[in-house]
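To start, the structure itself, in structure tokens.
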Amino acid sequence: MKKKIFAIPLMGTLLLAVLTACSSKMGELSSDYFTVTPQVLEAEGGKVPATINGKFPEKYFNKKAVIEVTPVLRWEGGEAKGQTTTFQGEKVMGNDQTISYKMGGNYTLRTSFDYVPEMAKSELYLEFKGTVGKKYVEIPAVKVADGVISTSEMVEQTLETATPATGNDAFQRVIKEKRNANIMFLIQQANVRASELKNAKNFTQEAKAIDESVNKKITDIEISAYASPDGGLDLNTGLAEKRRDNTEKALGKELKKADIDAPVDANYTAEDWEGFQELVSKSNIQDKELILRVLSMYTDPEQREQEIKNISSVYKTLADEILPQLRRSRLTLNYEIIGKSDEELSRLAQTDPAQLSLEELLYAATLTDNRDEQMAIYRQATKQYPDDYRAYNNIGKLYYQQGDMASAESYYKQSLQHGDSPEANMNLGLISLKKGDTAAAEAYLGKASGAEGLNEALGNLYIAQGKYDQAVSSFGDLKTNSAALAQILAKNYNKARTTLNDMKQPDAYTDYLKAVLAARTNNPSAVTANLKKAVSAKPSLAKKAASDLEFAKYFTNADFMSIVQ
């Protein structure tokens with residue numbers, strides 16, 4: 001029997017010895033029997049996935065053996081275990097994958113680990129637990145891969161320069177306003193009666209008050225003369241034209257008396273079918289819907305008039321209540337209200353903010369780059385107008401940009417108490433991403449439609465979810481660290497290079513990403529040059545680079561090591 005055993009290849013010999021001994025360290029499997037995809041593990045969307053293709057060699061697996069295989073990611077001071085898979089020999093009654101003693105067998109394990117930063121310097125092992133019947137078989141663990149490239153996790157750092165949404169002001173320096181008045185005419189008459197001349201005088205007095213105001217300016221005056229759509233078209237054309245001329249003459253005299261020099265634009269409409277339709281729609285007259293249907297069916301004015309006259313039951317009502325309102329000249333005064341100057345707004349925001357409206361306060365905050373002054377203005381806005389969400393949101397934005405995420409989150413939540421604003425939701429989505437809570441981030445961003453900068457925020461979410469192509473698309477042509485990170489992860493290296501080179505305010509992470517890009521594109525001199533700049537600006541990046549597997553092939557490079565040590 002022993003001669004037969006020695007005739008078996010060494011691996012089979014080891015397993016048979018294992019199956020006849022209790023707790024003896026035998027049956028070691030070579031790493032050559034395993035391949036892992038990817039060869040160096042990489043974090044994606046907060047997970048570290050791996051696909052392991054393994055093999056039990058011929059005459060290795062005892063027919064009565066059961067072996068449990070568990071992927072384990074080990075690092076200094078800790079480990080994470082994947083899901084265990086069980087295999088059985090040919091004589092074992094069970095539902096697990098059966099491995100032939102004579103032929104051996106291949107298998108595939110798919111596993112995933114929740115990423116933690118310590119995994120950046122780690123190793124993937126397969127651990128085995130074997131039994132033959134009730135006897136334990138010790139099979140040494142086998143290292144199958146290194147890990148973990150954690151470049152995707154840099155999204156938490158690149159988020160520091162993300163742009164939170166601002167609750168924008170609705171301030172308008174120039175507000176356009178208008179005032180209207182009517183001069184009414186009797187049927188088939190065009191003279192301006194004394195009673196109607198009073199309307200022209202009142203209109204002129206209002207225009208004079210506006211003209212004399214220090215913050216108002218008349219732009220023009222319009223005269224629109226009309227005839228009602230009863231009677232012949234030729235008659236109504238002449239009538240409307242005369243009404244225009246007489247109104248322009250009467251109003252001109254009043255404007256001259258008031259010393260108002262404003263352009264006057266006068267025109268006429270022969271038959272006011274549009275006004276007729278509007279008045280009928282708002283009325284409660286009998287057969288209103290029938291009249292409106294006639295207007296929609298016929299475009300010829302004479303045919304329209306005849307069809308409406310045929311509705312004899314309501315024509316008298318139209319003649320008494322609707323048509324007289326259309327015999328008119330409409331006077332329109334167009335003017336502008338001129339707001340305070342930037343200098344005045346800035347001064348009042350500092351010295352007497354109570355004189356400013358909410359929109360003026362919010363706008364005044366945009367007139368300074370001093371964050372302390374901005375903070376003071378926004379705080380004042382919350383005191384004077386405590387029910388508006390925007391100032392709370394904007395205080396949160398200032399804290400975010402200062403790196404005080406706890407205070408930022410507090411003010412964003414206060415903002416939501418005063419309105420479910422897309423801006424505060426988007427910004428809380430960014431905060432959630434900083435915390436690594438992609439589920440909460442997705443929920444907040446789902447309620448941020450319309451927020452300025454939403455695509456950038458979504459790009460960061462897609463990075464965190466491991467959806468790199470979507471992230472690249474969402475960022476578009478933005479030149480940010482996050483956009484470059486997405487492009488590197490999606491292996492769009494040319495676009496990443498352009499993004500990093502075109503950054504207006506590069507920082508240490510910009511240079512670090514340039515070094516990563518250089519490593520991926522085999523540019524050693526660019527690796528060390530950019531890494532040196534990154535570490536100089538932010539010394540803590542030396543420790544990161546020293547264990548970053550993006551630079552694994554530089555760990556023996558003297559220039560590289562001089563930077564990271």
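What's counted below: heavy atoms across the whole structure, side chains too, no hydrogens, waters or symmetry copies.
In this view, Tyr444 satisfies the ring-ring contact (aromatic ring centres under 6.0 Å, His included) rule with no residue, not counting sequence neighbours. Taking Lys479 as the reference, Thr498, Thr499, Asp502 meet the side-chain contact (heavy atoms from CB on, under 4.5 Å) condition, with sequence neighbours excluded.
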Could you check Asn522 against Lys553 for side-chain hydrogen bond (donor to acceptor under 3.5 Å, both in side chains), going step by step and ending with a plain yes or no?
CA-CA 10 Å; Asn522 299 311; Lys553 64 182 178 181; 2.5 Å; yes
Can you list the steps and then say if Glu423 with Tyr389 is a side-chain hydrogen bond (donor to acceptor under 3.5 Å, both in side chains)?
CA-CA 9 Å; Glu423 293 86 359; Tyr389 74 89; 3.2 Å; yes
Report the C-alpha separation of Leu428 and Leu416 in whole Å, then their side-chain angles, then the decisive distance to 0.1 Å, and conclude whether the side chain to side chain contact (heavy atoms under 4.5 Å, CB included) test is met.
CA-CA 10 Å; Leu428 283 168; Leu416 285 183; 3.4 Å; yes
One pair to check against side chain to side chain contact (heavy atoms under 4.5 Å, CB included): Ser410 and Tyr399. What are the steps and the verdict?
CA-CA 10 Å; Ser410 174; Tyr399 277 123; over 6 Å; no
Run the numbers on Ile337 and Lys176 for side chain to side chain contact (heavy atoms under 4.5 Å, CB included), then give the verdict.
CA-CA 6 Å; Ile337 299 176; Lys176 296 184 180 297; over 6 Å; no
Given the rule in the side chain to side chain contact (heavy atoms under 4.5 Å, CB included) test, do Val148 and Tyr115 qualify, once you have shown the distances and angles that lead to the verdict?
CA-CA 9 Å; Val148 169; Tyr115 176 80; 4.3 Å; yes
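One distance of note links CD of Gln401 with OG1 of Thr161; it measures 10.5 Å at 0.5 Å rounding. Taking NZ of Lys59 as the reference point, atom CE of Met103 lies at 10.5 Å (rounded to 0.5 Å). To the nearest 0.5 angstrom, Ile563 atom CD1 is 12.0 Å from Leu541 atom CG. One finds the OG atom of Ser346 at 9.5 Å from the CG atom of Leu356 (value rounded to the nearest 0.5 Å). A distance of 9.5 Å separates CZ in Arg497 from CD1 in Ile488, rounded to the nearest 0.5 Å. Between Asp387 atom CG and Thr382 atom OG1 the span is 11.0 Å, to the nearest 0.5 Å.
Looking only at atom types and distance, the side chain of Asn53 has a donor-acceptor partner in the side chain of Thr108 under 3.5 Å away. For the residue pair Glu550 and Thr151, a side-chain donor N or O sits within less than 3.5 Å of a side-chain acceptor on the partner. A donor atom on one side chain and an acceptor atom on the other are not found under 3.5 Å apart for Ser31 and Lys143. Side chains of Thr98 and Gln88: a donor on one and an acceptor on the other come within 3.5 Å.
Without hydrogens or angle criteria, Gln97 side chain to Asn106 main chain gives a donor-acceptor distance under 3.5 Å. Using a distance-only test at 3.5 Å, with no hydrogens or angles considered, no donor-acceptor pair links the side chain of Ser150 to the main chain of Ala120. With hydrogens and angles ignored, the 3.5 Å screen pairs no side-chain donor or acceptor of Ser473 with any backbone N or O of Gln470. Between the Asp548 side chain and the Lys544 main chain, no donor and acceptor come within less than 3.5 Å of each other. Looking at Asn394, its side chain does come within 3.5 Å of a backbone N or O of Gly167 through a donor-acceptor pair. Proximity of a side-chain donor or acceptor of Asn393 to a complementary backbone N or O of Ser415 within less than 3.5 Å is not detected. Lys47 contributes no side-chain N or O that, together with a main-chain N or O of Ser112, makes up a donor-acceptor pair within less than 3.5 Å. Within the 3.5 Å criterion, the main-chain N or O of Asn168 finds no donor-acceptor partner in the side chain of Thr166. Looking at Asn460, its side chain does come within 3.5 Å of a backbone N or O of Glu456 through a donor-acceptor pair. Looking only at distances, no side-chain donor or acceptor of Ser536 sits under 3.5 Å from a matching main-chain atom of Lys533.
In Arg110, the CZ atom is not crowded: 12 or fewer heavy atoms of neighbouring residues, nucleotides or ligands sit closer than 6.0 Å. Taking a 6.0 Å sphere around NZ of Lys538, one finds it holds 12 or fewer heavy atoms contributed by other residues, nucleotides or ligands. Heavy atoms from other residues, nucleotides or ligands lying under 6.0 Å from CE of Met561 number more than 12. Environment of CD in Gln39: sparse, with no more than 12 heavy atoms of neighbouring residues, nucleotides or ligands closer than 6.0 Å.
Classification of Lys81 and Glu79 as a salt-bridged pair holds, one side-chain N sitting under 4.0 Å from a carboxylate O. Between Glu90 and Lys102 there is no salt bridge, since none of the side-chain N atoms of the basic residue sits less than 4.0 Å from a carboxylate O of the acidic one. Salt bridge status for Lys121 with Glu76: absent, with no side-chain N to carboxylate O gap under 4.0 Å. Between Asp420 and Lys447 no salt bridge is recorded (no basic side-chain N to carboxylate O distance below 4.0 Å). Comment: Glu409 engages Lys413 in a salt bridge, judged by a side-chain N to carboxylate O separation of less than 4.0 angstrom.
At a threshold of 4.5 Å between non-hydrogen side-chain atoms, the residues Leu445 and Met426 count as touching. The shortest side-chain heavy-atom distance between Pro71 and Ile52 falls under the 4.5 Å cut-off. Contact annotation: the side chain of Val527 approaches that of Tyr554 to within less than 4.5 Å [non-hydrogen atoms, C-beta and beyond]. Put simply, the side chain of Tyr400 reaches to within 4.5 Å of the side chain of Ile431, judged on heavy atoms. Looking at heavy atoms from C-beta onward, Ser474 lies out of side-chain contact with Leu454 at the 4.5 angstrom threshold.
Exactly one residue among Asn481, Thr480, Asn530 makes a side-chain hydrogen bond (donor to acceptor under 3.5 Å, both in side chains) with Thr510. That residue is Asn481.
When every heavy atom of Ala471 is checked against every heavy atom of Ala486, the shortest pair comes out as CB-CB, 3.8 Å. Closest heavy-atom contact between Leu485 and Val155: CD2-N, 3.5 Å. Among all heavy-atom pairs drawn from Thr70 and Gly82, the shortest one is CG2-O, 3.5 Å. When all heavy atoms of Leu124 and Ala50 are compared, the pair lying nearest together is CD2-CB, 4.3 Å. Among all heavy-atom pairs drawn from Gly436 and Glu156, the shortest one is CA-OE2, 4.3 Å. Closest non-hydrogen pair, Glu160 versus Lys434, comes out as CG-NZ, 3.3 Å.
Classified by interplanar angle (parallel below 30°, tilted 30° to 60°, perpendicular above 60°), the ring pair Tyr512/Phe551 is perpendicular. Using bins of under 30°, 30° to 60° and over 60° for the plane-to-plane angle, the ring pair Phe128/Phe34 lands in the tilted bin.
In this structure, Tyr392 has its ring center at least 6.0 angstrom away from the ring center of Tyr412. Between Phe61 and Phe87, a ring centre-to-centre spacing not shorter than 6.0 Å is recorded.
Applying the side chain to side chain donor-acceptor pair (under 3.5 Å) definition to pairs two or more places apart or across chains, those involving residues 358-371 are Arg173-Tyr363, Lys340-Glu360, Asp342-Tyr363, Ser357-Glu360, Glu359-Arg390, Thr368-Glu373.
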